[in-house]
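Lettering follows sequence order; numbering is per chain, from 1.
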Amino acid sequence: MPTAFDSPHETVAVIDFETTGMSPSTGGRATEIAAVLVSGGQIVGHYASLMNSGAWVPPFIEQLTGISNAMLERAPRAEHVMREVAAFVGDCPLVAHNAAFDRAFWCAELRRADREAEQRFACTMLLARRLYPESTNHRLGTLAALHRLPDAGRAHRALADAQTTAHLLLTMQRDVMQRYALRAAPHELLMQLQRAPHGRLAECIAGHSTRAASAETPIRQPALGRLP
DNA sequence: TGCCAGGCCCTCTTTAGGGCCTT
């Protein structure tokens, strides 16, 4: 496909955490992280590692993710992994599905590793709610099935979920370009689209391209998560 | 070994409550 997905040399990193709980503020710790680099409309690299923070994995989480306490005992230390993954993604903008969740762990775990979290996050869930209001829900698995995304392996493992999210991002970039006749769908545009008010996607597009669609049918706005 | 959070949006609202998503 000859069209450009993003600005020249723009690379974004799609990340996904597996954790022991829902929030670092209640003692949740990361157990695994994956980062998938996306550039020029394709996946160009990835990093994935379990991480040992010393935290206990509850049975429910072990059943959900397949990550056991025994596996984490043999894993590298969380601080080491976070420094590695931070170096891997560099200053790339970050993307995650329900980015508020991953952003909280990204910040908390980097802080424990004496690193600053400075990247901006885009959220594929917020984008999907605006682009695909017809979907029954906006869970990653549902969207993957809806768009027949490539099977990345076991769900609720960091690399598989990050790869699925990366494919969802590429699909949304493609859909935005086709729907609004754009030559590119750079990260900055996606950042604005995820915050687009009710039925105002075209106006956001117009700010980025003189070829934006001239009219748009307002859509019912679903409940939205926190903007990262 | 625990039943937890967070913020935005919709609606039978607005001096509030529940759903969405993530592990």
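Note that CG of A/Leu143 and CG of A/Leu149 are 8.0 Å apart. Values are rounded to the nearest 0.5 Å. Note that OG1 of A/Thr19 is 6.0 Å distant from CD1 of A/Ile61, once rounded to the nearest 0.5 Å.
As a whole-Å value, the separation of A/Glu32 CD from B/dT23 C1' is 12 Å. Rounded to whole angstrom, the span from the CE atom of A/Met22 across to the P atom of B/dA5 amounts to 10 Å. B/dT1 atom P lies 16 Å from atom CZ of A/Phe60, rounded to whole Å. As rounded to whole Å, 19 Å separates atom P of B/dG19 from atom CG of A/Leu126. Rounded to whole Å, the distance from CD1 on A/Ile15 to C1' on B/dT22 is 12 Å. The distance between atom CZ of A/Phe121 and atom P of B/dT22, rounded to the nearest whole Å, is 16 Å. To the nearest angstrom, C1' of B/dT23 lies 12 Å from CZ of A/Phe17. To the nearest angstrom, P of B/dT23 lies 15 Å from CD of A/Glu109.
If you take atom C1' in B/dT15 and the same atom in B/dG19, they sit 22 Å apart, rounded to whole Å. Comparing the C1' positions of B/dA5 and B/dT23 gives an interatomic distance of 11 Å, to the nearest angstrom. Comparing B/dC8 with B/dT14, their C1' atoms are spaced 16 Å from each other, to the whole Å. Taking atom C1' on both nucleotides, B/dA16 is separated from B/dC12 by 12 Å, rounded to a whole Å. Distance check on atom C1': B/dT13 versus B/dG18 gives 12 Å, rounded to whole Å.
Remark: the A/His80 side chain and the A/Glu84 side chain contain an N/O donor-acceptor pair separated by less than 3.5 Å. Under 3.5 Å, the side chains of A/His156 and A/Thr65 contain no donor-acceptor pair of N or O atoms.
Out of B/dT1, B/dT23, B/dC21, the shortest distance to the side chain of A/Thr65 is found at B/dT23.
Residue-level contact check: A/Asp102 touches neither bases nor backbone, having no heavy atom under 4.0 Å from any strand. Among the atoms of the strands shown, none is found under 4.0 Å from any heavy atom of A/Thr31. When heavy atoms are screened at a 4.0 angstrom cut-off, A/Asp161 is found touching the sugar-phosphate backbone but no base atom. As judged by a 4.0 angstrom heavy-atom cut-off over every strand, A/Thr26 is placed among the base-contacting residues.
Using a 4.0 Å cut-off between charged nitrogen and carboxylate oxygen, A/Arg29 and A/Glu109 count as a salt-bridge pair.
Heavy-atom nearest nucleotides on DNA chain B were determined for A/Asn137 and for A/Pro58, and the one closer to the 5' end corresponds to A/Pro58. Between A/Gly27 and A/Ser23, the residue anchored nearer the 5' end of DNA chain B, judged by the nucleotide with its closest heavy atom, is A/Gly27.
Between A/Arg129 and B/dC21, a side-chain N or O to OP1/OP2 separation shorter than 4.0 Å is present. For the OP1/OP2 pair of B/dG6 and a distance below 4.0 Å, the side-chain nitrogens and oxygens of A/Ser25 include at least one atom meeting the criterion. At the phosphate of B/dC20, neither OP1 nor OP2 sits under 4.0 Å from any side-chain N or O atom of A/His138.
Taking the six-membered ring where the residue is Trp, A/Tyr47 and A/Phe88 present tilted rings, their angle falling between 30° and 60°.
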